[in-house]
Amino acid sequence: MLHVDMDQFLAAVELLRRPELRGMPVVVGGRGDPTERGVVSTASYEAREFGVRSGMPLRTALKRCPDAVFLPVDFPVYEAASERVMATLRAHPGAVVEVLGWDEAFVGVETDDPVATAHALRAEVLAATDLHCSVGVGDTLVRAKIATDFGKPQGTFMLTRDNWLEVMGDRPTTALWGVGKRIAARLSAVGIETVAQLASAPEDVLVGGFGPSMGPHYGRLGRGGGRSTVDDTPWVARAHGHERTFQTDLVDVAEVEAAVHDLAAAVVADLRREGRACQRVHLKVRFAPFFTFTRIRKLTEPTYDASVVAATALDLLRGLDDDRPIRLLGVRGEMVPPEGGY
DNA sequence: TCTGGGGTCCTAGGACCC
DNA sequence: TCTGGGGTCCTAGGACCC
């Protein structure tokens with residue numbers, strides 16, 4: 001199967017409508033003001049040369065690259081571009097497309113020459129959207145997904161059972177899709193530093209450290225194993241949420257209540273669009289300095305009433321009994337599962 | 001350096017039931 | 001004294017991804 005990932009997607013879409021910025025360092029994130037609280041969504045390759053990365057605070061990006069052009073995130077435009085990309089992939093004969101996010105998808109297709117198919121897909125996407133992508137070829141989802149990184153930018157790379165350990169064996173476990181800093185540290189604590197070590201780690205060590213489900217899962221990941229078929233079943237959301245980071249921390253009770261009401265109203269609007277009522281309310285609060293709480297409450301009956309959602313969230317907030325300034329508030333509504341479950 | 005906003009899935013532990 | 005066994009539901013929180 002193949003994994004298609006757009007190159008510097010948000011920045012590339014912005015460059016389509018601002019060609020005069022081509023060749024300059026461009027950073028897309030937040031409201032486009034690098035002195036505000038916010039993070040980098042995508043940096044152009046020129047900006048990456050200055051050390052600017054996704055997820056980095058905008059203020060840090062500004063320090064690293066003072067001459068960068070900072071642009072606000074414009075969701076509808078990226079959504080439209082994403083749909084053009086996905087439609088192009090689906091139009092490829094025989095393609096089964098599993099969308100992973102705005103800018104990436106797995107594509108399953110029967111072919112004797114997957115690399116040629118990868119080149120064809122890249123050309124089709126470029127022709128239809130003026131956007132470049134990279135493609136990974138693999139015999140499992142994990143291998144295809146990781147292969148794409150080696151193809152970037154504008155390239156193709158193949159990762160299979162045959163070259164997996166040769167390419168990945170000496171790399172740190174964080175090179176794997178699904179292993180972050182924390183899991184890597186726990187693996188390190190039992191002497192596992194590299195992909196090859198994880199691949200050959202005794203089952204009982206992994207089960208002992210990570211449980212009967214996740215332990216074997218990490219072992220399989222180390223070997224590049226896992227699912228090998230693309231599933232194009234449409235994705236059904238479990239929940240919708242909204243959160244907001246305040247430019248200055250909230251101390252005023254009325255302001256907090258107003259913010260929770262706004263967030264609850266946005267959540268309920270999403271649920272109405274979905275036609276599925278809210279059955280559980282999640283509250284997320286970050287107090288300065290950087291301590292996040294989440295609280296969950298099941299409602300006695302499902303609701304579309306924003307004031308019920310807001311009142312529940314506020315009750316959860318009061319239950320924390322903490323009057324420190326609030327940096328972030330989030331309200332999430334978990335929906336009643338669809339008929340027949342997920 | 002000092003943190004977005006949208007999500008998903010897994011685990012642990014307590015309450016409760018038979 | 002010193003403690004079954006199985007199950008479900010619920011909440012809190014960890015970890016990861018784009």
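All chains are named by letter (A, B, ...) in the order of the sequence lines, taking the proteins before the strands, and each is independently numbered beginning at 1. Quick caveat: nothing in here was measured; it's all calculated off a predicted structure.
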Using a 4.0 Å heavy-atom cut-off, does A:G180 contact any base of the nucleic acid, only the sugar-phosphate backbone, or nothing at all?
sugar-phosphate
So what does A:L221 touch, heavy atoms closer than 4.0 Å: a base, only the sugar-phosphate, or nothing?
nothing
Quick one: sort the A:F150 and A:F157 rings into parallel, tilted or perpendicular, breaks at 30° and 60°.
tilted
Ignoring the backbone of A:D103, work out which of C:dC16, C:dC18, B:dT3 is nearest its side chain.
C:dC18
Sidechain N-carboxylate O distance under 4.0 Å for A:R332, A:D270:
no
Atom OH of A:Y78 and atom P of B:dG4 are separated, to the nearest Å, by 18 Å
N-O pairing of A:E98 and A:R227 below 4.0 Å
yes
For A:V73 and A:R31: C-alpha separation, side-chain torsions, deciding distance, then whether side chain to side chain contact (heavy atoms under 4.5 Å, CB included) applies.
CA-CA 6 Å; A:V73 175; A:R31 296 192 288 190; over 6 Å; no
According to a strict under-4.0 Å criterion, is A:R182 in side-chain N/O contact with OP1 or OP2 of C:dA15?
yes
How far does the P atom of B:dT3 sit from the matching atom of C:dC18, given to the nearest Å?
24 Å
Tell me which nucleotide, if any, is Watson-Crick or G-U wobble paired with C:dC18 when both distances must be under 3.5 Å.
B:dG5
Could you tell me the separation between the CG atom of A:L100 and the P atom of C:dC18, rounded to a whole number of Å?
8 Å
d(CE, A:M86; C1', C:dC18) in whole Å
11 Å
N/O contacts under 3.5 Å, protein versus nucleotides 5-12 of chain B?
unit_1, atom_1, unit_2, atom_2, d
B:dG5, OP2, A:T245, N, 2.9
B:dG5, OP2, A:T245, OG1, 2.8
B:dG5, O5', A:E243, O, 3.4
B:dG6, OP1, A:H242, ND1, 2.9
B:dG6, OP2, A:E243, N, 2.5
B:dG6, O5', A:G241, O, 3.3
B:dG7, OP1, A:H240, ND1, 2.4
B:dG7, OP2, A:G241, N, 2.7
B:dT8, OP1, A:R238, N, 2.7
B:dC9, OP1, A:R238, NH2, 3.2
B:dC9, OP2, A:R238, NE, 3.2

Tell me, with the steps shown, if A:L100 and A:F106 meet side chain to side chain contact (heavy atoms under 4.5 Å, CB included).
CA-CA 7 Å; A:L100 275 193; A:F106 288 111; 3.5 Å; yes
Lys/Arg N to Asp/Glu carboxylate O, A:R18 vs A:E20, below 4.0 Å:
no
A:E36 CD to B:dT3 C1': how many Å, rounded?
14 Å
Rounded to the nearest angstrom, tell me the gap between atom CZ in A:F293 and atom P in C:dG13.
7 Å
Using a cut-off of strictly less than 4.0 Å, decide whether A:K181 has a side-chain nitrogen or oxygen near OP1 or OP2 of C:dC17.
no
Between C1' of B:dG4 and CD of A:Q247, the distance in whole Å
11 Å
In whole Å, I'd like the distance from the CZ atom of A:R286 to the P atom of C:dG13.
15 Å
Can you tell me how far C1' of C:dA15 sits from CH2 of A:W177, to the nearest Å?
15 Å
Most 5' of A:V39 and A:T60 on DNA chain B, judged by nearest nucleotide:
A:T60
Kindly confirm or rule out a cation-pi arrangement of A:R143 over A:W164, judged by NZ or CZ under 6.0 Å from the six-membered ring centre and within 45° of its axis?
yes
Can you name the closest pair of heavy atoms from A:A95 and A:V109 and give their distance?
CA-CB, 4.4 Å
Under 4.0 Å, counting only non-hydrogen atoms across every strand here, what does A:I183 touch: a base, just sugar-phosphate, or nothing?
sugar-phosphate
Heavy atoms only, 4.0 Å cut-off, all strands: where does A:V73 land among base, sugar-phosphate and nothing?
nothing
Answer yes or no: does a side-chain N or O of A:R64 lie under 4.0 Å from OP1 or OP2 of B:dT1?
no
